[in-house]
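See below for the structure under consideration.
Residue numbering restarts at 1 for every chain, and letters A, B, ... go by the order of the sequence lines.
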There are 2 protein chains.
Amino acid sequence: MNKKVFVSNFPFARFDKTPLEILERNGISYELNSLGRKLKPSETASLAKDFEVIIAGTEDLLPLVESSFQLKMISRIGIGLDNVPIELCQSKNIKVTYTPDAVTPAVSEFTIGLMLDGIRKISFSDREIRKGEWTRPYGTRIGKSIVGIIGLGRVGASVARLLSSFHPQEILVNDILDVSDKILQLQKVIPQIRFATKEEIYQNADIITLHVPKTQHTVNLITSKEIGIMKKTTVLINTSRGSIINENDLEEALRKHQIGFACLDVFAEEPYLGPLKNLENITLTQHIGSCSEDCRADMEREATEEVVRFLRNENFRNLVV
Amino acid sequence: MNKKVFVSNFPFARFDKTPLEILERNGISYELNSLGRKLKPSETASLAKDFEVIIAGTEDLLPLVESSFQLKMISRIGIGLDNVPIELCQSKNIKVTYTPDAVTPAVSEFTIGLMLDGIRKISFSDREIRKGEWTRPYGTRIGKSIVGIIGLGRVGASVARLLSSFHPQEILVNDILDVSDKILQLQKVIPQIRFATKEEIYQNADIITLHVPKTQHTVNLITSKEIGIMKKTTVLINTSRGSIINENDLEEALRKHQIGFACLDVFAEEPYLGPLKNLENITLTQHIGSCSEDCRADMEREATEEVVRFLRNENFRNLVV
């Protein structure tokens with residue numbers, strides 16, 4: 001008999017073994033990603049082709065969904081569905097679930113970490129010391145900054161809440177949806193938050209952080225044009241998805257010091273091997289925004305529970321299609 | 001005629017030129033540290049020997065105070081007086097001032113930055129990417145952590161306030177002074193703060209941050225013994241002064257993975273060139289806790305204003321002796 005579940009995500013159950021226990025307790029056979037890295041689209045398609053269910057990370061699932069005759073369910077660990085061909089799943093009657101809430105606390109804390117890293121040059125200073133240098137770089141403070149948040153979903157709103165104790169001068173937020181009620185709620189903890197156009201944010205914010213999903217409308221949201229409007233000192237943060245910032249344009253802008261600094265956790269292609277890593281005015285991390293032990297455990301457990309629900313024919317908790 | 005004021009601190013008036021303008025507007029002649037780095041004790045003594053006033057950073061001023069026949073005033077930029085021989089100054093009638101308030105916002109924000117760097121391995125991840133690696137290290141969250149704060153002075157209390165929006169499980173604080181009133185005040189914004197013994201902090205805290213002055217009681221506060229009580233996952237932060245953590249003991253503990261991670265902004269000898277920079281489970285920064293542009297500007301302006309007050313025979317704002 002074929003195994004039921006393929007887990008493409010890496011890592012999975014790295015510390016907390018609960019997801020494996022849930023599968024075993026329910027008699028569900030599974031196979032893990034044994035390559036110890038993010039799978040390429042064709043690898044996912046070939047490794048998962050005989051399975052009914054895939055528990056997936058951000059691997060591109062299009063080739064799998066196109067080619068598989070067995071696949072009945074995709075359980076996404078985390079948020080962001082840009083790697084899942086939703087309409088095709090719908091037409092092939094493949095169920096898709098995700099875990100949109102569990103990542104929020106981890107990603108939003110991490111975003112504050114990248115902000116402070118960028119404005120105070122922490123990783124930069126660490127690299128310098130290891131080379132025997134001691135220039136004591138100057139930075140700025142959140143408390144003196146205008147922070148721009150593009151995308152006021154779960155993570156964006158949580159970032160705003162975390163910022164409240166830092167008393168930034170102003171928080172300017174933008175979203176394609178009507179977020180006026182959400183802003184009213186947030187004003188109770190952080191009165192200096194208000195809606196702004198994207199252009200207003202590019203022009204005025206000292207720190208800009210992106211919290212949008214990857215869609216056809218958000219790919220290349222930030223190109224040379226938008227960067228050109230920003231301040232020479234702007235610190236640009238991205239913990240959402242690669243491709244939302246055009247990496248070539250950013251590379252050129254940082255090389256020419258058109259903005260102050262960038263901190264990227266996400267890249268168009270991961271693992272990231274590109275030229276941004278030759279620059280000093282950038283901090284690069286390995287798509288670890290969600291990689292807090294407690295949140296990974298929650299995400300993986302929730303994704304696994306959705307699989308159990310599917311196989312027991314129960315209602316899903318977070319069904320996409 | 002000799003110049004009046006020697007500025008030993010580096011950097012000084014790097015961006016904001018106000019301190020120089022204040023001196024010039026008041027007709028006060030000055031000379032800057034032209035070496036572009038922190039002066040050695042003997043260099044400070046020899047370069048400043050003919051001046052009446054020194055505007056100083058953390059340079060050791062003992063040889064100067066011992067040898068100078070001219071020195072009448074020391075204006076310290078910043079907080080911490082471990083580099084000033086206070087009793088000797090008193091006996092030689094040398095006035096000493098400092099700027100204890102201006103550093104607080106910069107150092108406390110920076111401390112949160114180091115915490116997030118340590119628990120989420122931001123600098124570590126940046127170093128790995130630049131080497132072509134992609135291990136996606138896991139971390140923890142402030143929201144799930146017990147934070148220990150040793151020293152509840154200006155900076156320690158400000159760190160607690162910044163932490164409030166992260167809702168840590170508990171904040172355990174210790175101080176040699178009676179800080180019960182201060183804790184009561186802080187409980188209004190962060191109810192989960194309480195007094196604890198140092199031993200309780202070493203045993204229970206997931207993150208430990210030090211905010212004590214350097215005195216004979218605090219040098220070697222953290223040695224192998226204290227580290228031995230800590231959790232294997234503890235992240236240890238120091239933005240106060242070097243020597244408070246015994247660097248040899250810390251190096252050994254990190255090498256043996258007795259604690260999880262350390263983030264140091266301060267060192268027994270600066271610039272730091274020692275063996276900690278060969279380890280991966282540590283983040284090292286260049287004593288830049290106070291190096292936020294606004295705070296440096298405030299500190300330098302306040303220190304310069306004290307010099308003007310001295311030369312005009314006016315009352316000081318922050319007189320030490």
Side-chain angles (χ1 to χ4, degrees), chain A residues 10-11 14-15 37-38 105-106 109-110 112-117 119-130 132-144 161-166 189 263 265 270-273 277-278 282-289 291-296, chain B residues 10-11 14-15 37-38 105-106 109-110 112-117 119-130 132-144 161-166 189 263 265 270-273 277-278 282-289 291-296:
Chain A
F10 171 80
R14 184 188 262 179
F15 297 110
R37 59 165 171 78
K38 185 171 177 173
E109 278 202 15
F110 187 78
I112 305 293
L114 284 192
M115 275 186 198
L116 289 165
D117 184 286
I119 63 175
R120 299 303 296 274
K121 305 190 178 73
I122 291 173
S123 301
F124 172 89
S125 185
D126 177 81
R127 289 199 302 274
E128 275 205 343
I129 283 201
R130 288 169 194 267
E133 294 170 22
W134 189 271
T135 65
R136 301 190 76 195
Y138 275 25
T140 54
R141 280 198 304 121
I142 294 177
K144 286 279 177 181
R161 257 179 247 111
L162 290 176
L163 285 171
S164 64
S165 63
F166 291 81
V189 284
C263 299
D265 187 44
E270 297 172 357
Y272 181 74
L273 299 164
K277 66 192 175 67
N278 303 319
I282 191 165
T283 298
L284 307 159
T285 53
Q286 301 156 326
H287 202 150
I288 53 175
C291 291
S292 170
E293 283 173 35
D294 60 316
C295 290
R296 291 303 304 184
Chain B
F10 171 79
R14 183 187 263 181
F15 297 110
R37 57 164 173 77
K38 185 170 176 174
E109 279 203 13
F110 186 79
I112 305 294
L114 284 190
M115 275 186 197
L116 289 165
D117 183 286
I119 64 176
R120 298 304 295 274
K121 304 192 178 72
I122 293 173
S123 300
F124 172 89
S125 184
D126 176 81
R127 290 199 301 275
E128 276 205 341
I129 282 202
R130 287 168 194 268
E133 294 170 21
W134 188 271
T135 66
R136 300 189 77 194
Y138 275 26
T140 53
R141 280 198 305 120
I142 293 177
K144 285 279 177 181
R161 258 180 248 111
L162 289 177
L163 286 171
S164 63
S165 63
F166 291 80
V189 285
C263 299
D265 187 44
E270 297 172 358
Y272 181 74
L273 299 165
K277 67 193 174 69
N278 304 320
I282 190 167
T283 298
L284 308 159
T285 52
Q286 301 157 326
H287 201 150
I288 53 174
C291 291
S292 170
E293 283 173 34
D294 60 314
C295 290
R296 291 303 303 184

Worksheet entry | Heavy-atom pair count under 4.5 Å with chain A, highest-scoring of B/Gly143, B/Cys295, B/Pro105 | B/Pro105
Fill in: Separation between CG of A/Asp117 and OG1 of B/Thr285, rounded to the nearest 0.5 Å
10.5 Å
Worksheet item: Sequence neighbours excluded, which residues qualify as salt bridge (Lys or Arg N to Asp or Glu O under 4.0 Å) partners of B/Arg296?
Response: B/Glu300
Worksheet item: Under 6.0 Å from the NZ atom of B/Lys38, do we count more than 12 heavy atoms belonging to anything else shown?
Response: yes
Item to complete: Output the distance between atom CE (A/Met115) and atom CG (A/Leu162), rounded to the nearest 0.5 Å.
Response: 9.0 Å
Discussion item. At a 4.5 Å cut-off on heavy atoms, which part of A/Arg161 comes close to chain B: side chain, backbone, both, or neither?
Written reply: backbone
Practice prompt. Starting at CD of B/Gln286, measure out to CD of A/Glu133 and round the result to the nearest 0.5 Å.
Written response: 8.0 Å
Item to complete: For each of A/Arg120, A/Arg127, A/Arg14, tally heavy-atom pairs with chain B at distances under 4.5 Å, and name the one with the top tally.
Response: A/Arg120
Discussion item. Tell me which of these, B/Arg130, B/Glu293, B/Lys277, has more heavy-atom pairs under 4.5 Å with chain A than the rest.
Written reply: B/Arg130
Worksheet item: Excluding sequence neighbours, so at least two apart, what forms ring pair (Phe, Tyr, Trp, His ring centres under 6.0 Å) with A/Tyr138?
Response: B/Phe15
Worksheet item: In terms of heavy-atom pairs under 4.5 Å, which option from B/Ile288, B/Val189, B/Leu284 contacts chain A the most?
Response: B/Leu284
Discussion item. Can you tell me which portion of A/Ile142 sits under 4.5 Å from chain B's heavy atoms? Options are side chain, backbone, both or neither.
Written reply: both
Response to the item:
Honestly, the part of B/Leu273 sitting under 4.5 Å from a heavy atom of chain A is side chain
Practice prompt. Return the option, out of B/Ile129, B/Thr140, B/Thr283, B/Leu163, with the maximum number of heavy-atom pairs under 4.5 Å with chain A.
Written response: B/Ile129
Discussion item. With a 3.5 Å distance limit and no angle check, can you tell me whether A/Arg136 reaches the backbone of B/His287 through a side-chain donor-acceptor pair?
Written reply: yes
Practice prompt. Could you tell me which portion of B/Cys263 (side chain, backbone, both or neither) has an atom closer than 4.5 angstrom to a non-hydrogen atom of chain A?
Written response: neither
Worksheet entry | Winner by heavy-atom pair count (cut-off under 4.5 Å) against chain B, out of A/Lys121, A/Arg37, A/Glu128 | A/Glu128
